[in-house]
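Pasting a structure below so you can have a look.
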Amino acid sequence: MPRKICVMTLADEYKQQLAWRSWKMAYDALPSLQGATVLDLGRGVGDQAAEFVARGARVIGVDINDELLDAARSRNLPNAIFQRADLRTPLDIDTIVDGIWCGFTAAYFPDLPIALTRWDRHVRPGGWIALTEIDNLFEHEPVSDRTAELLEAYVQDALTAGRYDFRMGRKLRGFMEQADFSVVNSLTLPDVEFSSYGPADPGVLDAWEKRFECMMLLRDFCGREFERVRREFLHCLACDEHRSKASVQCCIAVR
Ligand SMILES: C[S@@+](CC[C@H](N)C(=O)[O-])C[C@H]1O[C@@H](n2cnc3c(N)ncnc32)[C@H](O)[C@@H]1O
């Protein structure tokens, strides 16, 4: 079967997803942003940077993806700069910031304590770091044992290969403590897309369809079973009995 092309840009997808999050809960739990400088790691399209600026902060946003950086820059936010960088390597930033924000990006760093130690060099003594990550993206019921087994094997493969930790949400606190941070607040953020019960909102279903179209590694991993897994997962999300075991975890820590 020919592979579908992802027609919606990544930037459009991120913009659509904003309404499903509960970012305000996390923002409200942060130390005051008035006059603060925030380093925003894995910036995406700049939605959170816009909120930080609105709350009086100056933002340095970093991302590896040029399309997303262009989308962020096109907002012309005052007091915000966006630069391309690979977070797997030391950052070329000479500003010492008051806090680090990292939304849905920690999972790309299965060895998170090592990355945290690298990123922490940019935070002033007494500064803060706030990480938000999904836990158990694929854990939705009811699906067949075979589909659950395949998705679990994919999750383990991503972890073993050091690509992505699909259970990073639950590990944030432990990893932050391992990197010598003191966790001051842990929150579970309600999320319409990831942690809902019952039939998913049509927009959420559409987003999951697009996500599956773009998940080439999952497609290759599942091989001939991919179409069945995709259909079954989407049916699970749409059915009355749908239950999500996924959650969005936010952890705020200081040095
Ligand atoms: C799931 S998105 C989250 C975007 C945004 N923070 C949000 O919450 O909507 C993950 C982001 O991390 C970025 N990213 C992933 N690996 C990266 C790396 N090694 N260096 C820099 N950015 C990276 C991606 O380009 C993407 O913008």
Side-chain angles (χ1 to χ4, degrees), residues 6 8-27 29-30 38-53 57 59-75 77 80-93 99-112 114-116 118-119 122 129-138 158-159 161-169 172 187 189-195 204 207-208 210-212 214-218 246-252:
C6 304
M8 197 179 195
T9 67
L10 204 52
D12 290 336
E13 281 178 43
Y14 284 163
K15 281 180 199 157
Q16 181 195 40
Q17 292 163 8
L18 184 64
W20 302 329
R21 312 282 175 253
S22 297
W23 288 125
K24 186 175 181 305
M25 263 177 79
Y27 302 149
L30 295 175
V38 177
L39 180 57
D40 186 354
L41 303 179
R43 170 68 317 276
V45 292
D47 291 320
Q48 291 135 23
E51 181 63 27
F52 297 152
V53 166
V59 177
I60 304 169
V62 168
D63 206 286
I64 200 170
N65 183 306
D66 288 321
E67 179 196 335
L68 299 179
L69 283 167
D70 285 348
R73 287 183 189 123
S74 71
R75 305 173 82 127
L77 291 174
I81 53 166
F82 300 104
Q83 65 186 65
R84 188 180 196 285
D86 184 345
L87 293 170
R88 289 168 295 196
T89 58
L91 291 174
D92 185 17
I93 290 173
I100 287 185
W101 171 269
C102 182
F104 293 156
T105 302
Y108 289 92
F109 302 88
D111 277 334
L112 189 63
I114 294 174
L116 285 174
R118 201 166 53 240
W119 301 340
H122 302 279
I129 181 158
L131 306 180
T132 303
E133 197 46 273
I134 303 165
D135 194 63
N136 268 345
L137 177 69
F138 290 120
L159 183 62
R163 274 196 316 272
Y164 198 85
D165 187 343
F166 284 92
R167 299 208 169 92
M168 182 57 86
L172 292 176
L187 309 159
L189 305 181
D191 193 283
V192 172
E193 183 180 18
F194 299 125
S195 40
V204 168
W208 269 101
K210 292 186 177 97
R211 184 171 290 129
F212 272 106
C214 300
M215 286 183 134
M216 298 308 175
L217 290 176
L218 179 63
S247 65
V248 176
Q249 301 297 324
C250 172
C251 217
I252 303 170

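In each ligand, atom 1 is the first atom listed, and ligand 1 is the first ligand listed.
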Selection from V62, T105, N65 by shortest heavy-atom distance to atom 12 (O) of ligand 1: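 When every heavy atom of V62, T105, N65 is considered, T105 comes closest to atom 12 (O) of ligand 1.
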Protein residue, atom and distance nearest to atom 19 (N) of ligand 1, heavy-atom basis: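 Checked against all protein heavy atoms, atom 19 (N) of ligand 1 sits closest to D86 OD1, 2.9 Å.
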Closest protein heavy atom to atom 3 (C) of ligand 1, given as residue, atom name and distance to 0.1 Å: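 Answer, as residue, atom name and distance: G103 O, 3.4 Å.
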Shortest non-hydrogen contact from L172 toward Q249: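 The answer is CD1-O, 3.6 Å.
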Identity and distance of the protein heavy atom lying nearest atom 5 (C) of ligand 1: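 Minimum-distance protein heavy atom for atom 5 (C) of ligand 1 reads G42 O, 3.4 Å.
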Steps toward ring pair (Phe, Tyr, Trp, His ring centres under 6.0 Å) verdict (Y27, F52): CA-CA 8 Å; Y27 302 149; F52 297 152; 5.4 Å; yes
Salt bridge flag under 4.0 Å for residues D191 and R21: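 A salt bridge links D191 with R21.
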Residues D47, R75: salt bridge by 4.0 Å N-O rule: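 Judged by the 4.0 Å cut-off on N to carboxylate O distance, D47 and R75 do form a salt bridge.
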Nearest non-hydrogen protein atom, atom 17 (C) of ligand 1: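 The protein heavy atom lying closest is I64 CG2, 3.8 Å.
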Atom indices of ligand 1 within 4.0 angstrom of A85 heavy atoms, with elements: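 With A85 as reference, the close atoms of ligand 1 come out as 20 (N), 21 (C).
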For atom 27 (O) of ligand 1, the protein heavy atom that lies nearest, with its residue and separation: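 Nearest protein contact, heavy atoms only, for atom 27 (O) of ligand 1 is D63 OD2, 2.6 Å.
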Pairwise distance CG(L39) to CD1(I100) - rounded to 0.5 angstrom: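 So the CG of L39 and the CD1 of I100 are separated by 5.0 Å.
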Q48 near ligand 1 by a heavy-atom separation under 4.0 Å: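 Under 4.0 Å: yes for Q48.
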Those atoms of ligand 1 less than 4.0 Å from some heavy atom in W23: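 Those of ligand 1 that fall under 4.0 Å from W23 are 8 (O).
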contact_flag C102 ligand 1 heavy-atom lt 4.0 Å: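 Contact absent.
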Derivation and outcome, side chain to side chain contact (heavy atoms under 4.5 Å, CB included), residues I93 and I60: CA-CA 9 Å; I93 290 173; I60 304 169; 4.2 Å; yes
Closest approach of any protein heavy atom to atom 2 (S) of ligand 1, naming residue and atom: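 Here the closest protein heavy atom is Y14 OH, 3.1 Å.
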Six-ring centre of W208, R211 cation under 6.0 angstrom, axis tolerance 45°: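 Judged by the rule (NZ or CZ under 6.0 Å from the ring centre, within 45° of its axis), R211 counts as positioned above W208.
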Shortest reach to atom 20 (N) of ligand 1 by a heavy atom, considering only L41, I134, L91, L87: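 Ranked by closest heavy atom to atom 20 (N) of ligand 1, first place is L87.
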Side chain to side chain contact (heavy atoms under 4.5 Å, CB included) between Q48 and W23, intermediate numbers included: CA-CA 8 Å; Q48 291 135 23; W23 288 125; 3.1 Å; yes
Protein residue, atom and distance nearest to atom 1 (C) of ligand 1, heavy-atom basis: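 In this structure, atom 1 (C) of ligand 1 has F104 O, 3.2 Å as its nearest protein heavy atom.
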Pairwise distance CG(L69) to CZ(R43) - rounded to 0.5 angstrom: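 CZ of R43 is found 9.5 Å from CG of L69.
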